[in-house]
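Since we're looking at a predicted model, the values are computed, not measured. Every chain is numbered from 1, with letters handed out A, B, ... down the list of sequences. The figures here come from the full heavy-atom set of this structure, side chains too, leaving out hydrogens, waters and symmetry mates.
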Amino acid sequence: MKGKTIVSTLLISSALLSGCSFSSSEPSSSDGDKLTIEIFQGKVEFKDQFEALAEEYEKENPDVDIKITAVGGGSDYAGSLKTKFASGDEPEIFSIAGPTEAANFEQYLSDLSDTKAADLALEGSLDPVTKDGEVHGLPFNQEGYGFIYNKKVFKEAGIHSEDILTYEDLEKAVKEIDSQKDQLGLEAVFAFPAKEKWVPGNHLSNVFLASEFNQQVLEAYHAESVSFEKGKEFQRMVDLQTEYSVQPVLSLDYSQQVEEYFSLQKVAIIQQGNWIYPSVEQMDQEFAENNMGIMPIPVEGSEGKLPVGIPNYWAVNNNSDDEVIQASKDFLDWMYTSEVGKEAVLKDFKFIPAYEGFDTDGIADPLSKEIYTYSSNGDTTGWVLLGYPGVWGDYLGGNIQKYLSEKMTWDEVEEDSKQKWEELRK
Amino acid sequence: MNNQNKWFWIFLSPVILALGIVVVVPFVYGFVFSFTDWNGLTATSFVGFEHYLNLFQEEEFMSSIWFTVKFSIVTVILLNVFGLCLALIVTRKIKSNNLLRTVFFMPNLIGGLILGFIWQFIFISVFGDVGNLLGLEGMGGWLSTPETGFWGLVILTSWQMAGYIMIIYIAYLENIPKDLIEAARIDGASALQRFKSITFPLVAPAFTVSMFLTLSMAFKIYDQNLSLTNGGPFNSTQMVAMEIVRTAFSDNEMAYAQAKAVIFFLIVAVIALTQVYYNKKREVDM
C-alpha cells in the first residue's frame, strides 16, 4: 500500500513538473518547405554583422531560415559545441579551429571539396583541414600578428620600421626609443603581457618554432616532439620584451596592454595582431586610422616575414538531410563568392579574405591591409600554434612565467615543455 | 497507512523529485563517470581506480590542495578576528550603529567576480601609484608573484566576508544578559576583564558556527580566484575548484576532473559533517 502511494504521487508530481515546461518545442530541420540552417560559431566580434548578412540571404532565398548562435572565444566554445552534439541538438554549420579540433569532430564533417569557395580558397589554406582528399572546412578569414608600433613615435625618434629586419636592428631601435622615452612621453618601449599565457606561449613561441615544422601546421600536428632549435633566439626575445616593458610584466594583461598602454600612446611597440584594431579604434579613432603599423618579429632565416594564418574554419555537419547539407554549402558559397557577400565580408566583418576574387583595396583597416600585402607577396610564415598538442601553448606560457620569476632556468623551460609535448602526443 | 502520511508524501514529492533530478542523479552519474574514460561525449571503457591513483601523483593538483588549505587557515583566522571586532564596534552605543552595520555588510552583496576585478585594479594600479608616490618598493608588483597573489586573495576574501561573520557575532553578543555585565562592572572588573571572562565565553558557540562556515566557504572559492589572479603567475595561486574546472574544460579530461571533484567533495563533506556533529553535541549539552 505504502509503495503504491509513493509511486502514484511521484507520477502525479512528474506530470505536474513536465506540464510546466517543454510545451513549445521548436520544429527541428524543416518547417513545411522551409529549411532551417542553424549556425554555431566561436567568433563573437562580428555576430551582428553576420546576422545582418544572413537576413540578406533569407530575403534572396525565402525558403531558407538561418539561425545564428555565437559563443565567446577560447575553451568556452569547444565545450559548448560538445554539449550541443552530446544533447542531440546539432547545428548544421559550425566553426572549428585547425586540425586538433577537426580531429575531435571528424565523424561529423562533410566533404566540402565540391563548393565554389573551396576552389577559390587561397593556396595552402585548406591543407590543415584536408584529409584523404576530402576538404572538411572552409576558412573564415586570415589573421596575422607581429610587432604593432606607433608610427608617430617611430618618426619622432628617427626610426624606420623597414630597416628593422634582424634582432640586432630591433635591439638598437628599442634602445634608441628607450633613451628618448621622456621626450616622447612614453612609459616604456613595450607592454609585454606575460600574465596572458598565450602571448608568449602560443604567439611568440610560434615564430620561433615554425621553422622546425617547415611552417606547416600539419607537420606540427603530427610531430612526436619539439626540439627548440631556435630556443636561444626565443629566449632573448622574451628577455628584450621584458626588460623594456612596463613593469611588472607578470600582472600585465591583454586589455591593459592594448587599451591602457598602446591606445593611450604610453608604449611604442606591442606584440599583437590585427584583431586589436576595433579596440584601439574605440579608444582613439584618429590614432587607429593613421598611426598604427605592423612589422614582423625578427627571426633568423625568415626576416621580413609575418606569421599569417587561418584561425577558424566553417564546417558542415554531415548528420543531416542531403537537402540541408546542400543548402548549408550554398550559403557558405554565397557568402564568399557573391558580390553582396564579398562586400559584407570585407567591409562589415572587416575580414582579411582568405579567398581569391576579392577587391582588396576595400580592406577596411590599415593593419589588415598591411597584413594582406605581406600575404599576397608570399612574405608569410606559418601558424603552427594551431597544431600544438592540446593545451601545450598554455603550458609553455606557464613555464615562461616561471622563468620570468626566476623559478626555472631557460634550459629547464625547454626541457620541461619538450617532455610535456611528448606526453600529450602519446 | 493513514491519510496524513499520504498527504505528507504528496506534498513532499515535487521537492524530492527536483532534488533527485538536479542533485542526486548528476552526482551518481559523476561518481560513475570518474571510473571511466568519459570525454564529455562518450565513455567507452571502465578504467577502475586509475584516475584516483594518478591524481595523487599530480603535482599541480596536490599543490592546489595545499594552496587551498593554507588559504583556508589564514582566512578563517582573519575572518573571525575581523568579524568579531566589527561586531564589537557596532554593538557599542554609538549613533551610526545601523549605518555601520549596513556598510560593513555591503561588500557581501557584490558579486565575487566584480569584486575580483575591482581589487585587481586596486592591487595593480592604486597600490603601484601609491607605492611610487611614497617610494615604497613593496607596494609595486602586487599579484605578479605567488606571495602577493596569495595575500591579495586573502585580503579580498576577508574584506568581502567579514561583514557576514559580523552578523553572526552580533546575534550572540546581543544575547548576552545585560545584568551579568552590569554585576561585573559593579564588582570592579575592567573592560578587558569583562571581555575576557564574560563576553568571550558566552560568544564561544558563535566560533564553532563561524569557523565551519568560513572554512567550507574558503574551500569552495572560485569566482574571486578567477577574476583576481586567474591562477597566475604560473598556476601558483590556483585553488582546487579552479584546478578542476581547468582539467575538465581546458585540458578536456572530463573523467579525470570528475575524479578530482569526488576527492574535493569528500574533503568538503568531512568538514561539513564535523561541523554538524559538533553543533549537535553542543545543543544537547545546553
Side-chain angles (χ1 to χ4, degrees), chain A residues 1-18 20 74-76 78-87 100-101 104-105 107 194-197 246-253 255-256 260 390-392 394-395 397-408 424, chain B residues 1-3 5-18 20-22 38-43 59-60 117 120-121 123-125 127-128 132 140-149 152 227-238 245-254:
Chain A
M1 181 64 200
K2 195 176 177 185
K4 223 176 177 180
T5 334
I6 294 175
V7 170
S8 63
T9 50
L10 281 178
L11 277 176
I12 293 169
S13 55
S14 65
L16 282 173
L17 275 177
S18 61
C20 46
S75 51
D76 266 335
S80 322
L81 184 62
K82 253 188 189 172
T83 320
K84 275 203 88 83
F85 274 98
S87 67
T100 312
E101 241 174 77
N104 285 343
F105 287 94
Q107 47 172 325
K195 185 183 177 185
E196 311 285 355
K197 292 182 196 153
V246 176
Q247 301 293 337
V249 290
L250 282 173
S251 57
L252 192 69
D253 65 19
S255 76
Q256 283 178 295
E260 192 178 334
V391 287
W392 186 78
D394 274 353
Y395 187 82
N399 279 347
I400 291 173
Q401 290 179 337
K402 283 186 192 163
Y403 166 71
L404 291 176
S405 43
E406 290 167 1
K407 296 250 154 74
M408 253 189 182
L424 286 166
Chain B
M1 173 179 238
N2 58 29
N3 218 19
N5 211 344
K6 191 167 77 190
W7 284 107
F8 173 79
W9 284 107
I10 289 177
F11 279 113
L12 203 62
S13 60
V15 179
I16 291 184
L17 208 71
I21 292 170
V22 302
W38 186 52
N39 64 358
L41 287 174
T42 48
E59 212 176 294
E60 209 172 301
F117 286 120
Q120 193 184 52
F121 171 75
F123 284 133
I124 294 176
S125 303
F127 270 40
N132 277 343
W142 268 69
L143 304 187
S144 68
T145 59
E147 293 76 33
T148 50
S227 57
L228 190 72
T229 65
N230 198 8
F234 49 85
N235 301 341
S236 60
T237 61
Q238 185 169 257
V245 172
R246 285 252 168 99
T247 314
F249 296 102
S250 348
D251 300 359
N252 245 327
E253 297 185 67
M254 293 283 181

Problem set entry | Pair A:Lys197-B:Asn235, side-chain donor/acceptor within less than 3.5 Å |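 Looking only at side-chain atoms, B:Asn235 and A:Lys197 do form a donor-acceptor pair, the distance falling under 3.5 Å.
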Exercise. Should B:Trp9 and B:Ile16 count as side-chain neighbours, where that means a heavy-atom distance under 4.5 Å?
Worked result: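 Touching, per the 4.5 Å side-chain cut-off.
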Exercise. Mind checking whether A:Gln256 and B:Ile124 have side chains closer than 4.5 Å, heavy atoms only?
Worked result: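 Side-chain contact under 4.5 Å: yes.
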Problem set entry | Plane angle bin for B:Phe11 and B:Trp7 - parallel if under 30°, tilted between 30 and 60°, otherwise perpendicular |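 B:Trp7 and B:Phe11: tilted rings.
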For this session: Counting only heavy atoms closer than 4.5 Å, note whether A:Lys82 contacts chain B via side chain, backbone, both or neither.
Result: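 Its backbone and side chain both get close to chain B.
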For this session: Below 4.5 Å from any heavy atom of chain B, which atoms of A:Asn399 appear? Answer side chain, backbone, both or neither.
Result: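 A:Asn399 has no heavy atom closer than 4.5 Å to chain B.
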Exercise. With respect to chain B, which residue among A:Pro248, A:Gly397, A:Ser251 yields the maximal number of heavy-atom pairs within a distance under 4.5 Å?
Worked result: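 Highest number of heavy-atom pairs under 4.5 Å: A:Ser251.
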Problem set entry | Proximity breakdown for B:Ser236 and chain A, heavy-atom pairs closer than 4.5 Å |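 When you check distances to chain A, no heavy atom of B:Ser236 falls under 4.5 Å.
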